[in-house]
Amino acid sequence: MHYSDLAKRIVDELLRPDGSDKLRPVHTIGIGATGYFEPSEVAPQYCKADHFITPRTKATLRFSNGSGSKTQHDDWSDVRGMATRFHLSDGTDTDLIMMTLPEFFARTPEEFLEFTLAAKPTEVHWVSPWKKIWQMLHLIPPQPDPYPDEEISPNEGAIKFANENRYSQLAVFQAAAIGAPVSYLRAAYHAVHTFVVTGEDEVERWVRFTWQPIDGVKNENPLDPPGADYLQGRLRDRLADHTSRFTLMMQIGEVGDAFDDSTKPWPPHRQRVMMGTLTLDHAAEDTKAQDDYFEKLSFNPMLLTPGIRASEDPVLHIRKEAYAYSSGKRDATPCPFSGGAEDDQ
Amino acid sequence: MTNKDTWFNRYVNSLPTRGWFKLLSRYVVVPYWIWRDPKPKLPGGPRESPQPSENTQRMMNLIMPLKDPSPMGRAMAAMAIAQNVDEIFSGLDNVGTVHTARFLILGDNLCMISVYDGDFSNYIRDFIETIGSVFDAVISQIKGAEHMIPTCDHVEEFIEWVHDHDLFQAPDFPTDLFALQDAAKGLPTDGPAHEIMTLPRDLILQLHANPNLSLGGGYRSYPGYSAAQVRDKFGVGW
Amino acid sequence: MNKQVKKDVDIDAIERDVQGNILRSYSRHLVRHLMLEVTNVAAARRFLGVAANGGSEAVPAITPGSDWGKAKPPSNFNIGLTFEGLKALGVSRRTLQTFPVEFSQGMTKRAMKIGDFGDSAPDKWPAPFDTPEKVHIVASIHADEEGQLDKVEAQVAKAFTVLGVRDGRGLGRGKVFFGYKDSISQPRFKWVKDRTQATADEPLDPLGTILLGYPTSMEDMSFRVPYPDALGLNGSFNAFRILAQASYDYEIYLDEAADFLLKHKDVDLLLPPGAEKKVGKGLDRHAALREIVAAQMCGRWRNGTPYETSPDTMDPDPDVSPTNFDYSAQSRCPAGAHMRRANPRGGHIVQRIATYTRRLVRRGMSYGPDFDPDDFDRKNPDRRERGLLGNFLCANLGAQFEAVMCDWLNVGLQTPSITGTNDPLLGANTAETSRFDLTLPDNAGTISIYGFPRFVTARGGAYTFLPSLTAIRYLSEL
C-alpha cells in the first residue's frame, strides 16, 4: 500500500518522547478481550452487514488508554479506546473503533497535523499560586496541578490551539475534563465518524455508532485516585467470573447534519436504533503470549464489510493509511491494508 | 514559576471551598464581572434547526409569575386550571401536536410544561385559537399579563410573551454557548475563537441573565417521532 | 389596533385602496423587480405621494386593486416596503413596534425557520440581498413590453437608489421551470370577483386571510393591524423570494427514479404492463414512470391535471376540474406531494385546528434562460441559474407563510406517514436523507424513492409590507 506523506507525517509526529516506536504512537497501553456480538431484531432493517444478520458473531477487542506514553497511568485523566474486531461468518473481519471522546479535534487530515504539532507534549509546569488567584478572580478555573510523576503533557499546546480554532474547542474542552473510568467496562465509547449503512431493503442511511456499557458509566473520583495500574486488573477480575455487556446504539443523521465532519457530534435527539449487544466473557491473561497476540493486532477503522461503507469524512479516510503505516512501523501483525490492498472494502 | 508543590499552592487550590473566598466571589468577583461583561438574556425555547428530530418532541417550560402568590392566589390559579380541564384536553387533542402537557405551581410561579411537535409560534397560535378563553383565565392570575386579555386579539403579543417566559434551553454541547452569546450580541458566530477556559465564566454570567434554564434539550426514549406518529403506530388514530 | 368586525364591507372602496397585485393577478408577460434604497428621504416621499395619487408624467401611478375594465394601463407599478424601509422613510418607533416580529426581523433572520440554510443561506445570497439592511423597497413593474419596464425604472431611479434589478417573464402556457403548469389554485376571497377562480369549489377565504383589518378564517382570532389604521388597514404582507430551480438536475433525477422503479419488484402495481400508453401520448414505460414520479411529487401532472382525480392519465376524458377535488385517507395524491403539503385542503391533518387557516396567495414569474424538459442535452449539463421570482402574500407571515414552510413543506407534521421528510420539489433536502413515498393503486401501499437533492435554492428575498394607497399617502406625508 502507498502511504501519503501526510499520513506518515501524522503518525511520525504523534510519537511522544516518552513513547516507543515499537508500540502504538497513541493508545499505547492496552489490554485485549474477547466475546461475541448479537444483533437486535431490528438491526437487519438498517444494516445488512454479516454481523447484523448473523445471530452471533465472535469478537476480539482491545481497550486502551489514549496517551502515547509507554508508562502506564490508568488514573490520569485521559481518553480511552475500545477497538472491536468482528469475525464474520465468511472468515473475514470488520473493525469498529471507538473512543470515550464523542468528537474529534480536527475536520481534515491537514488540520489534524496542525493540531498534532501544536499539541506536542511539553514540559509540565506548576501554575504559580499567584497566577491561580488571578485566574480565580477572572472566574477562570486554574489548570489542575501536574500528576506526581508527570513530566510532559500535551494540554498546554492543545488549549492554545483550541483558543485559536473554534472547530477543535469542543473536543479539547471535553478531553480536558474527561477523567478516568473505574473500569474499561464502565465507559461509553463513540465511533465519531459517520458511516453509511445499507439495510436489507437497500436503503442507505448516514449513521454514527456508540457503545453504551450496560453496567453503567462511572468515573473514578479524581481526589482519591486508585493508582497507576488498575484498569487491566479490574477487567480481568470482572471477566473471570462474569460477563460484561455493551449496547450498540446507532444515531441516524438528518438533513443539515455534519456527515463528513467528526468535530461536530450530533445532538442526542436524533433517531436512535438499538443495533445489538456485545457480551465480553474473556480478558487477555497476564502472560507474554497473550500480550504479544493482542498488542500486535492491527485494527483499522476502514476495515469494513458489505453493508457498511465510509462516509466522505477525510479524517476517516486518512486513518486507513495512518493505521496501516503505523502497523508496519511497529512491526505488528500486518494490518489488512498493509499488504497492498487498495480496495476500500 | 515554581515546579514543586508548596503549602501556599495547596492553600490556593483549596480557596474555592473556603468560606471567605466564596463570600468574596459571590459579593465582589461575580458582581464585578456582571458589570464588566454583561450577557444578554438568551431567548427561551428550542432553537430553529432543520433536522426533523429537532422539530419533534420539543420542550416548553413556561414559567409565569403569580400575581398573588399567597395561598388564596395560588388557589385561584389552581381553580383556573381545574375549571377548564375539558377545554384544555379537547383543545390539546385538536392541536394534534402535543405529547404531554401539565401545569405546576412551583415557587411563586404557575408553570406549563409540555412536549410538542413543530414550530413554537404555530403551537401557541393554534392553542389560542382552540382554548384562548382558558389562556385568558390563566393569565388573569399572572403578573404583568392582563394587558393581553383577550389573547385572541393579542396573538402576536402573546406569542412573544410566552417565548419570553419560556426557559432558555442550554445547548447540548457546552462550547456552543459561545456562539449563542455572540449571536445575541449581533456578532458573527464564526468570528475569532473565544478563549476556551473563559467558558465557565460565560456560563456563570449567563446564569445571571437567565437564572432559570433547561439543561440541554433533555432525554427522549424514542426521539424523532411526532405525537401523531406514535398514535398512528399504536393504532389509536391521529 | 382595534378588531374590525365588518359584516358588510364596501368591496369597491377596498379594491380602490389596496394595491393591485394582491387580490388578483395581472396576467402580464413581463415583470421587473427593483430593489431600492431610500437615500433621499424627501425625494422618496415626494415620489410616493405622487404615485399614490394617480402619478404624473415623471412618476408612475401605483396600480390599485380596482378592475381597470377596458382601460388597461401600459404597465402596472406596485411597491412593498421592508421594515428597514419603513424606518428609512421616518416611521416612528412607536408605530414600528406595532409590526409583527417576523417582519421586523426580516427574512434573513428567519432563515432557519423557512429552510434557508446550506446553499440557501442568506450569507450566500448575491447583491443586493447580501446587504438586507439596505433593501428598503421592492418595487414591481408588470408590463407586456420591455420598453415600459425601462421607462418606469428610469422614473423610479430618479427618486431612489436602485440596488438591484431582477427581470422575470411568463414561460408561456402558464408553465414554470420543472415544466409544470402553475398558479391554478389560489385562495378565493369573499366579495372579490376573480375570473380565474370562478368555478373553484374550495371554501371562500375571508378577507382577513390576505388583508389587515378583517376577520380571519380562525374564528375569534384577528391579527394585529399596525398603528395607525391609515398605515395598517388594507395592507398585506409579502414574502418575496428568488428561488433558483435546478431544472437539469430535476430531469436527471426523474431518469434515475424511473431506472430504479423499472427494477422495483412492485413496479407493475404502480404501472401495470401496457398502462404507460394511457399515462400520456407517445410515452414508453420509462417515460411514463418519469411522468408519474413528477406528477406524484407535485400533486399535478405537468400539464396541470390534478393527480388526485386523474391518477392514471394526464389527459383524462372527460376532462376533470383543475381546482375541484379534496383529499382523503384513500387519496392517490401522496400526502407528501408539494401541492398537498402547501394546501392540504379539507383533508385530514394532524393539526385539525389549522385546516384552511394557512392559505397563501402566490404570484410569480420565471427568470433565467429557457429549459425544455422534453428536449435537453443530458451530456452537457445546463446548470445556468433559472427559477422563480415568487411572491407569497398573506395577512400574517408567521401564521401563514412561515407556518406552511416550517411545519408542512419541511418536516411534514401534518400527516404521520410523511413526518420527517421534506417537500420533494421545494423542500430543504439532501441526497443523504431525502425520501418520497409514491402511492400505489387500490391502497396497495407505497414505493419509497430516495437520494434526491435540493431542487430549489433561495437566492435572495425580503419580507415586505404592501401598504394600501392610503398608507402610501400617509408615508409620503411623514
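Letters A, B, ... mirror the listed sequences (proteins, then strands); counts begin at 1. Because the structure is predicted, anything quoted here is derived from the model rather than measured.
With contacts defined as side-chain heavy-atom distances shorter than 4.5 Å, the pair A:Lys132/B:Asn9 qualifies. A heavy-atom distance below 4.5 Å is not found between the side chains of B:Phe173 and A:Lys264.
Only the side chain of B:Asp172 has a heavy atom closer than 4.5 Å to any heavy atom of chain A. If you measure heavy-atom distances from A:Gln135 to chain B, you find no contacts under 4.5 Å at all. Contact of A:Pro265 with chain B is made through backbone and side chain together, with heavy-atom distances under 4.5 Å. Of the atoms belonging to B:Phe21, it is side-chain heavy atoms, and not backbone ones, that fall under 4.5 Å from chain A. With a 4.5 angstrom heavy-atom cutoff, B:Asp190 touches chain A only via backbone atoms. The part of A:Asn165 that comes within reach of chain B is its backbone (N, CA, C, O), which places non-hydrogen atoms under 4.5 angstrom from that chain. Of the two parts of B:Ser221, only the backbone, made up of N, CA, C and O, holds a non-hydrogen atom closer than 4.5 Å to a non-hydrogen atom of chain A. Interface residue B:Pro174: backbone and side-chain heavy atoms are both found under 4.5 Å from chain A. Looking at A:Glu103, neither its backbone nor its side chain comes within 4.5 Å of chain B, counting heavy atoms on both sides.
When all heavy atoms are compared, the tightest approach of B:Val12 to A:Met136 is O-CE, 3.3 Å. Closest approach of A:His138 and B:Arg201 over heavy atoms only: O-NH1, 2.7 Å. Nearest approach of B:Phe8 to A:Trp130, heavy atoms of both residues: CE2-CE2, 3.5 Å. Considering every non-hydrogen atom in both A:Gln271 and B:Gly224, the closest pair reads NE2-O, 3.3 Å.
Within 6.0 Å of the CD atom in A:Glu204, the count of heavy atoms belonging to other residues, nucleotides or ligands exceeds 12. In this structure, B:Glu195 places its CD atom where only 12 or fewer heavy-atom neighbours from other residues, nucleotides or ligands lie under 6.0 Å away. Within 6.0 Å of CD on A:Glu164 lie more than 12 heavy atoms contributed by other residues, nucleotides or ligands. Shown here is A:Met249, whose CE atom has more than 12 heavy atoms of other residues, nucleotides or ligands within 6.0 Å. Shown here is A:Glu312, whose CD atom has no more than 12 heavy atoms of other residues, nucleotides or ligands within 6.0 Å. Under a cut-off of 6.0 angstrom, the local environment of CZ in A:Arg245 is sparse, with at most 12 non-hydrogen atoms contributed by other residues, nucleotides or ligands. Heavy atoms of other residues, nucleotides or ligands lying less than 6.0 angstrom from NZ of A:Lys160 number 12 at most.
Between the side chain of B:Glu54 and the backbone N or O of A:Arg270, no donor-acceptor pair lies under 3.5 Å. The backbone N or O of A:Leu137 lies less than 3.5 Å from a partner atom in the side chain of B:Trp33, making a donor-acceptor pair. A:Asn163 places a side-chain N or O within 3.5 Å of a backbone atom of B:Ile196 that can act as its donor or acceptor partner. Formation of a donor-acceptor pair under 3.5 Å by the B:Arg220 side chain with backbone atoms of A:Pro268 is not found in this model.
Options B:Tyr11, B:Tyr225, B:Tyr32 differ in how many heavy-atom pairs under 4.5 Å they form with chain A, and the most are formed by B:Tyr225. For the set B:Gly216, B:Pro192, B:Gly217, B:Gly191, the entry with the most heavy-atom pairs within less than 4.5 Å of chain A is B:Gly191.
Under the 4.0 Å criterion applied to side-chain N and carboxylate O atoms, B:Asp182 and A:Arg166 are assigned as salt-bridge partners.
Taken to the nearest 0.5 Å, the CG atom of B:Leu205 stands 6.5 Å off from the CG atom of A:Leu139. Rounded to the nearest 0.5 Å, atoms CG (B:Asn13) and CG (A:Asp145) are 4.5 Å apart. Interatomic distance, CZ of A:Phe173 versus CE of B:Met197, reported as 6.5 Å (0.5 Å rounding). Atom-to-atom distance recorded for B:Asp5:CG and A:Trp126:CH2 is 4.0 Å, nearest 0.5 angstrom.
Side-chain polar atoms of B:Ser53 and A:Glu254 form a donor-acceptor pair below 3.5 angstrom.
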Just do the side-chain contact (heavy atoms from CB on, under 4.5 Å) check on A:Arg272 and B:Tyr222 with the steps written out, would you?
CA-CA 7 Å; A:Arg272 286 195 317 269; B:Tyr222 41 90; over 6 Å; no
